[in-house]
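This report refers to the structure that appears directly beneath it.
So you know, we letter chains A, B, ... as the sequences are listed, proteins then strands, and number each from 1. This one's a predicted model, so the numbers in the text were calculated from it and none came from an experiment.
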2 protein chains.
Amino acid sequence: MSDKKPIISNIIDNLRRVFQILNEQSKKVERETGITGPQLWAIKTIHENSPVKVSDLANKLYLHPTTVVGIIDRLEKQNLVERRRSKDDRRVVWIDLTDKGNDLVKSAPEVVQGLLVSGLEEISANNLTEIDRSMKHLVKIFGAQKIAPKLILSTEFNIRQDANIEELDK
Amino acid sequence: MSDKKPIISNIIDNLRRVFQILNEQSKKVERETGITGPQLWAIKTIHENSPVKVSDLANKLYLHPTTVVGIIDRLEKQNLVERRRSKDDRRVVWIDLTDKGNDLVKSAPEVVQGLLVSGLEEISANNLTEIDRSMKHLVKIFGAQKIAPKLILSTEFNIRQDANIEELDK
DNA sequence: TACAATTGATTTGCATACAAACTATATTAG
DNA sequence: CTAATATAGTTTGTATGCAAATCAATTGTA
């Protein structure tokens, strides 16, 4: 019972380290491209799902709609995306990449697809697979009690690209 | 080469999920105790190292000094910690828990040690050990290129409580 | 049909998180 | 001993990130 605590402490500590490392990657991308990690992530996701609703984008990014609104605001200010009010359902806002946004995705695909995680690309495929398995395990165990309840409320809450985590989906 | 990318994508996605889950835990603690996850983390770390310099606290929390100043500001406003200008070196500020801060740590140890990760406590010791091993693996691989260089610049950058990650320390 | 409940996006307020610039103090070099 | 440099902490400005409240539009229900 009580001897779990140091283990939990270590897990959290190590997660914080990983956060830090990924954060540094993100800052590096920001220095090199002028846009932040989350913004890049959003642009990539918009590109893959264009046009996309704010709420769907939030689901795909695992972020709160509020947070996404802020990111979209800043991308719109840089003229990389644009908002379009839906005519079918006037509550809905469709988000699209502008020409400039598309240029960003196309002219530097490695920025969007790879540079974000450039630090990871040097890792061997075998080790990547192992890490992948570890992360699935983490998500499965951590997320079982936490994500599943959400699905009851919002069937759209995704877990999508990598759905073979033992059907948390349905 | 190129087939690494979907794996990397999945890893990042899963990490984001874990972030979200831990974030929810943190919010839950905030609702229950009135102080946030990072604040709780800081209080616990101050308790274990009291009195501690701002810069050392930043190192122990893996955070930027600026960020720590903000957290300390808010803790001071709640009368949980206090600042004391060093007489030896008047640039240094020592941070201590107030009586109220000590009460918080002592009267509710499970809040500090366990509630932060209450969701994890229900997990079996075996599974925890497995997760722990996974995280060490992640940190070892992710961090090898990233943390090591820092040690050259700052010997204090820690990796402390759990130093048996193959001596990244020294 | 009218009214309640729900949904989609936004606004507001706050807490992280960091970089860059700044202040004060201490150390080092010439 | 003085000027340059380095260090410790803070201030300022910006970008996430979320909760709660709000507004508009749609859906469900009586």
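- With C/dT16, D/dT10, C/dA24 as the choices, the nucleotide that has an atom nearest any side-chain atom of B/R91 turns out to be C/dA24.
- Relative to the side chain of A/S55, the nucleotides C/dA9, D/dG9, D/dT16 differ in distance, and C/dA9 lies closest.
- Listed nucleotides C/dC18, C/dA26, D/dT10 differ in distance to B/V69; the shortest reach to its side chain belongs to D/dT10.
- Of the candidate nucleotides D/dT26, D/dA15, D/dG9, D/dG9 has the atom nearest to the side chain of B/V92.
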Discussion item. Would B/N79 and B/T98 count as a side-chain hydrogen bond (donor to acceptor under 3.5 Å, both in side chains) here? Give the steps.
Written reply: CA-CA 7 Å; B/N79 201 31; B/T98 61; 4.9 Å; no

Practice prompt. Would you check, one step at a time, whether the test side-chain contact (heavy atoms from CB on, under 4.5 Å) holds for B/V105 with B/K44?
Written response: CA-CA 7 Å; B/V105 174; B/K44 177 190 154 196; over 6 Å; no

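- Residue B/R90 places its CZ atom among 12 or fewer non-hydrogen atoms of other residues, nucleotides or ligands, all under 6.0 Å distant.
- Backbone-only engagement by B/D88 is indicated by non-hydrogen atom pairs under 4.0 Å involving sugar-phosphate atoms exclusively.
- The side chain of A/Q39 sits closest to D/dA15 out of C/dA26, C/dT16, D/dA15.
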Practice prompt. Test side-chain contact (heavy atoms from CB on, under 4.5 Å) on B/W94 and B/V52 and set out the steps.
Written response: CA-CA 5 Å; B/W94 293 104; B/V52 62; 5.5 Å; no

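- Each of B/K53 and A/T66 has a nearest nucleotide on DNA chain D; the 5'-most of these lies closest to B/K53.
- When distances run from any side-chain atom of A/V54 to the nucleotides C/dT10, D/dG9, D/dT16, the shortest one goes to C/dT10.
- Applying the 4.0 Å criterion to OP1 and OP2 of D/dC18, one finds that A/T67 has a side-chain N or O inside that range.
- Counting any heavy atom pair closer than 4.0 Å across all strands shown, A/R83 reaches sugar-phosphate atoms only and no base atom.
- Annotation: of the two residues near DNA chain D, A/L63 and A/K87, the 5′-most nearest-nucleotide partner is A/L63.
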